Amino acid sequence: MRTRYAPSPTGPQHIGGIRSALFAWLYARRHGGQFILRIEDTDQKRTAPGSIELIEESFDWLGLDIDEGPRQGGAFGPYIQSERLTLYQTWAQWLVDQGHAYKCFATAEELKELRAAGTGYDRRYRDVPAEQAAELEARGMPYVIRFKMPLTGVTAGRDMIRDAVEFDNAQLQDAVLLKSDGYPTYHLAHIVDDHYMKISHITRAVEWLPSFPLHLQLWKSFGWEKPQYAHLPVLLNPNGKGKLSKRKQQFADAGASVPVLVHEFIDAGYLPEAVINFLANIGWNFGDNQEMFSRQEAIQRFDLKDVNPANSAYPIKKLTWLNSQYIQTSTVEELARLLKPVLQEAGYTVVDERLLEVAPTLKVRLKTLKDVVPMAGFFFADWAAFQAPPPDILLQRKMDSVSTAMVLEESIPVLQSLEDFSSGSQHGVMAHLAKDLGLKNGQVFGTLRAAVTGQKVSPPTFETMEILGRDESVRRLKLALQSLAQPTN
RNA sequence: GGCCCCUUCGUCUAGCGGCCUAGGAUGCCACCCUUUCAAGGUGGAGACACGGGUUCGAGUCCCGUAGGGGCUACCA
């Protein structure tokens with residue numbers, strides 16, 4: 001079994017393409033086959049430099065390994081279509097020689113008029129005598145090679161996801177196979193390549209379904225054994241309106257921008273495992289009412305036949321949940337490894353030892369890796385530069401500066417005299433103090449939290465103080481006390 | 001316009017004629033737990049687009065309608 005992902009190198013890798021690629025990859029892995037990356041750069045105008053690297057980086061990040069492709073090579077290369085031009089030209093000419101295709105000399109203007117008139121191309125060059133065509137060609141007239149689509153009858157095919165599909169041949173046009181610049185169109189190129197590369201299962205988006213009969217006829221004309229086709233459903237915008245596009249990201253999702261490019265997922269702090277799990281759950285499901293599963297588990301169960309034919313809205317909110325689940329179930333070491341670059345990028349100097357202490361408090365609190373910055377960035381800031389928080393952060397519910405100062409004053413000696421500065425013992429004594437002061441735990445703990453972190457929201461207070469250490473914690477409590485003594489202006 | 005595909009809770013989905021008074025997840029709401037934020041626990045609201053058939057019996061099969069998506073390029 002050999003499957004492939006065949007993107008056009010038109011820019012950054014879009015998540016929709018990855019979803020299609022994932023299904024092809026899962027299928028190949030399931031059957032112990034090969035997964036191939038082929039670059040379809042037959043449209044020179046749309047080709048963007050650097051795209052191939054972007055695509056490869058995306059696959060690397062996601063952990064979707066490629067068996068054959070531009071970078072890894074393979075026995076059926078080259079894997080970039082622009083490097084296979086003569087192959088397409090040869091076969092296009094063969095089709096002409098066999099009477100399955102013809103040279104069309106219609107100019108861009110003619111075509112434009114035809115289109116304006118509401119009719120498509122009228123096959124005006126389909127039946128010109130060979131001598132006449134040769135003469136036009138000799139005169140240097142540019143031409144394309146078009147396929148002679150059967151004029152009558154139906155073309156019936158089988159799609160792995162939808163089963164039987166049928167098309168009326170009369171509805172189809174004589175598609176261009178080879179463009180006047182000598183490049184093939186997708187129609188020709190994919191068939192020649194999939195044949196030569198021995199692709200057994202072609203997966204592609206549903207938008208190709210209308211041209212499926214053309215491809216079927218092409219396989220027939222070549223006399224090659226055709227692979228099985230699976231037309232995959234596509235991702236729609238989160239509001240269900242229109243295909244998910246990388247161009248217009250402004251869909252109605254509470255004004256929040258939704259990630260659609262692979263690098264946007266990386267930047268937003270999602271884990272590749274979560275993204276894979278997320279994508280596999282759209283249009284396919286693991287079964288057993290199980291939402292979370294590893295790629296290995298998915299490989300064991302995946303089948304193209306089980307793919308839901310319906311398009312689906314992009315359920316991006318589920319990714320957030322899945323991501324938090326993956327963060328929760330990752331080990332402290334793994335989480336620390338993932339968090340480090342995020343903190344560094346935010347400008348913090350990260351000491352591994354400290355990160356390892358902080359990470360456990362973060363596991364249940366982070367939705368994305370990025371959340372670490374507002375939540376726990378202060379651990380990695382310059383402690384000497386710590387400033388006491390303003391009253392609106394320091395003062396807890398139903399607390400004023402007097403009661404806050406009292407809590408601070410009472411807490412300091414208690415903490416200083418604590419034998420063991422672990423969060424557990426801190427909790428014990430502070431809960432006791434709260435009771436003595438006639439305050440709620442939340443009021444006392446909250447005051448300490450604010451004083452020590454400078455934030456309203458943070459990891460648990462006592463765990464935070466344990467990491468900060470007794471001296472630094474007490475220093476910060478005193479700082480808060482001093483700031484309270486200052487006249488508020 | 002023509003052609004093609006699709007149609008179960010807001011969303012992702014299970015369901016492949018009787019096991020469905022339609023299951024799970026997410027999101028939302030409530031309660032519990034609780035030192036903030038989370039996490040976790042419990043519960044709740046929430047769907048078979050509509051109309052015809054076929055059948056003893058339809059969410060499941062067929063037809064139509066409606067709605068959605070796509071194709072209709074010398075783009076893929």
Side-chain angles (χ1 to χ4, degrees), chain A residues 6-8 10 40-43 45-46 104 106-108 111-112 115 118 120-121 142-146 159 161-162 165-168 170-173 175-181 183-187 189-190 204-213 231 233-234 236 238-243 278 281-292 306 308-322 324-325 328 361-367 371 374-375 396-397 427 430-431 434 440-450 453 455-464:
Chain A
S8 290
T10 56
E40 307 214 327
D41 59 342
T42 55
D43 184 355
K45 291 181 288 293
R46 296 204 315 152
C104 171
T107 64
L111 261 15
K112 198 177 169 189
R115 221 171 301 132
Y121 171 65
Y143 65 88
V144 300
I145 290 179
R146 285 183 186 269
D159 173 73
I161 296 170
R162 276 155 272 261
V165 281
E166 245 186 38
F167 304 84
D168 187 356
Q171 296 291 334
L172 287 129
Q173 297 199 324
V176 171
L177 264 22
L178 196 73
K179 301 184 254 186
S180 57
D181 63 1
Y183 278 69
T185 59
Y186 168 83
H187 307 300
H190 98 268
R204 43 152 53 160
V206 258
E207 49 251 41
W208 290 108
L209 201 50
S211 55
F212 188 28
H231 292 92
V234 297
L236 269 22
N239 57 18
K241 297 286 179 194
K243 201 170 64 156
F278 167 68
N281 259 329
I282 308 170
W284 183 75
N285 75 91
F286 188 75
D288 300 344
N289 283 335
Q290 188 179 331
E291 306 287 322
M292 213 177 148
D306 297 331
N308 185 335
N311 293 339
S312 53
Y314 188 46
I316 189 65
K317 287 226 172 93
K318 250 184 162 169
L319 174 60
T320 304
W321 170 75
L322 261 177
S324 70
Q325 295 297 306
Q328 256 184 83
T361 71
L362 265 21
K363 284 178 87 169
V364 297
R365 277 169 250 275
L366 304 183
K367 297 263 189 267
D371 293 342
M375 175 70 73
Q396 302 301 298
R397 247 168 64 82
H427 183 104
M430 293 320 289
K440 302 236 184 213
N441 281 355
Q443 291 175 300
V444 174
F445 299 0
T447 299
L448 299 184
R449 171 200 318 288
T453 66
Q455 300 174 178
K456 277 192 151 153
V457 173
S458 80
T461 302
F462 304 125
E463 287 165 57
T464 297

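Because the structure is a prediction, the values reported are computed rather than measured. Reminder, nothing fancy here: chain letters follow the sequence lines and each chain counts from 1.
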Between U13(B) and U7(B), how many Å separate the two P atoms, rounded to a whole number? 11 Å
Taking only side-chain nitrogens and oxygens of N281(A), does any of them come within less than 4.0 Å of OP1 or OP2 of G24(B)? no
Could one point to a donor on the side chain of R365(A) or the base of U36(B) with an acceptor on the other under 3.5 Å away? yes
Looking only at heavy atoms, the pair that brings P184(A) and A189(A) closest together is CG-CB, 3.8 Å
Between G23(B) and C61(B), how far apart are the two C1' atoms, rounded to whole Å? 23 Å
Rounded to the nearest 0.5 angstrom, the CG-NZ distance for D43(A) and K179(A) is 4.5 Å
Suppose you measure atom C1' in A66(B) against the same atom in C31(B); what distance do you get, rounded to whole Å? 42 Å
Identify the nucleotide, in any strand shown, that forms a Watson-Crick or G-U wobble pair with G1(B), with both distances under 3.5 Å; if there is none, say none. U72(B)
Can you tell me if T185(A) touches the phosphate of C75(B), counting only side-chain N or O atoms and a distance under 4.0 Å to OP1 or OP2? no
Mind checking if A175(A) touches a base, just sugar-phosphate, or nothing, with heavy atoms under 4.0 Å? nothing
Looking across every strand, which nucleic acid part, if any, lies under 4.0 Å from K367(A) by heavy atom: base, sugar-phosphate, or nothing? sugar-phosphate
Given C12(B), A76(B), U7(B), the nucleotide with the shortest approach to the side chain of K318(A): C12(B)
Looking only at atom C1', what distance separates G69(B) and C63(B), rounded to whole Å? 22 Å
Reckon L322(A) touches a base, only the sugar-phosphate, or nothing at all at heavy-atom distances under 4.0 Å? nothing
Only pairs with both distances under 3.5 Å count, Watson-Crick or wobble alike; so what is the partner of A45(B) in this structure? none
Out of G27(B), U13(B), C6(B), whichever nucleotide has its closest atom nearest the side chain of K317(A): G27(B)
Give me the ring orientation class for H190(A) and Y186(A): parallel if the planes are under 30° apart, tilted from 30 to 60°, perpendicular past 60°. parallel
If you check every side-chain atom of A313(A), which of C12(B), C74(B), C3(B) has the closest atom? C12(B)
How would you label the contact of D168(A) with the nucleic acid (heavy atoms, under 4.0 Å): base, sugar-phosphate, or nothing? nothing
Consider the side chain of K179(A), meaning its heavy atoms from C-beta on, and name the nucleotide among U13(B), A76(B), C71(B) that approaches it most closely. A76(B)
Across the strands shown, which category fits Q325(A) at heavy-atom distances under 4.0 angstrom: base, sugar-phosphate, nothing? sugar-phosphate
More than 12 non-hydrogen atoms from neighbouring residues, nucleotides or ligands closer than 6.0 Å to NZ on K363(A), yes or no? yes
Using only side-chain N and O atoms of R204(A), determine if any of them is under 4.0 Å from OP1 or OP2 of C5(B). no
A14(B) OP1/OP2 closer than 4.0 Å to side-chain N/O of N289(A): no
Return the nearest nucleotide to the side chain of W208(A); candidates are C12(B), A25(B), A76(B). A76(B)
Which nucleotide in G70(B), C75(B), C12(B) has an atom nearest any side-chain atom of R46(A): C75(B)
Rounded P spacing from C56(B) to A47(B) in Å: 31 Å
Separation between the C1' atoms of A38(B) and G51(B), rounded to whole Å: 50 Å
Between the side-chain atoms of E291(A) and the base atoms of G24(B), is any donor-acceptor pair under 3.5 Å? yes
Base, sugar-phosphate or nothing for G283(A)? Non-hydrogen atoms, less than 4.0 Å. sugar-phosphate
Closest of U35(B), U7(B), C74(B) to the P460(A) side chain is U35(B)
Counting any heavy atom closer than 4.0 Å, what does P184(A) reach on the DNA or RNA strands: base, sugar-phosphate only, or nothing? sugar-phosphate
Find the partner of G67(B): check Watson-Crick (N1-N3 plus N6-O4 or O6-N4) and G-U wobble (N1-O2, O6-N3) distances, both under 3.5 Å, and reply none if neither fits. C6(B)
Any side-chain N or O of T10(A) below 4.0 angstrom from OP1/OP2 of A76(B)? no
Testing the basics here: between G120(A) and Q173(A), what is the closest heavy-atom pair and its distance to 0.1 Å? CA-NE2, 3.0 Å
Span that lies between the C1' atom of A30(B) and that of G46(B), in whole angstrom: 15 Å
In Watson-Crick or G-U wobble terms, with both distances under 3.5 Å, the base opposite A25(B) is U11(B)
Smallest separation among heavy atoms of T464(A) and S458(A), with atom names: OG1-OG, 4.5 Å
Need the pair for C20(B). Rule: Watson-Crick or G-U wobble, both distances under 3.5 Å, any strand; none if unpaired. none
Residue closer to the 5' end of RNA chain B, V165(A) versus M375(A) (nearest nucleotide): V165(A)
Specify the separation, in whole Å, of atom CH2 of W284(A) and atom P of U13(B). 13 Å
V457(A) side chain, from C-beta outward: closest of C12(B), A39(B), U36(B): U36(B)
Answer with base, sugar-phosphate or nothing: what part of the nucleic acid does P7(A) contact at a heavy-atom distance below 4.0 Å? nothing
Taking the C1' atom of each, how far is G67(B) from G15(B), in whole Å? 23 Å
Consider the side chain of T461(A), meaning its heavy atoms from C-beta on, and name the nucleotide among U13(B), U35(B), A76(B) that approaches it most closely. U35(B)
Please report the distance, rounded to the nearest Å, between CZ in F212(A) and P in U72(B). 17 Å
Where is the tightest heavy-atom contact between P210(A) and L172(A), given as atom of each residue plus distance? O-CD2, 3.9 Å
Distance alone, cut at 3.5 Å: any donor-acceptor contact between the side chains of T10(A) and R46(A)? no
Pick the nucleotide of RNA chain B nearest each of P315(A) and Q443(A); which residue has the one closer to the 5' end? P315(A)
Side-chain heavy atoms of N281(A) within contact of K318(A), under 4.5 Å: no
What is the nucleic acid contact for H190(A), judged by heavy atoms within less than 4.0 Å: base, sugar-phosphate only, or nothing? nothing
Residue Q173(A), side-chain atoms from C-beta onward, closest of U72(B), C12(B), A76(B): U72(B)
Classify the nucleic acid contact of V176(A) as base, sugar-phosphate or nothing, counting any heavy atom under 4.0 Å across all strands shown. sugar-phosphate
Side-chain-base donor-acceptor pair under 3.5 Å for S180(A) and C74(B): yes
Which part of the nucleic acid, if any, lies within contact of S8(A), taking any heavy atom under 4.0 Å across all strands shown: a base, the sugar-phosphate backbone alone, or nothing? sugar-phosphate
At under 4.0 Å between heavy atoms, what does G442(A) touch on the DNA or RNA strands: base, sugar-phosphate, or nothing? sugar-phosphate
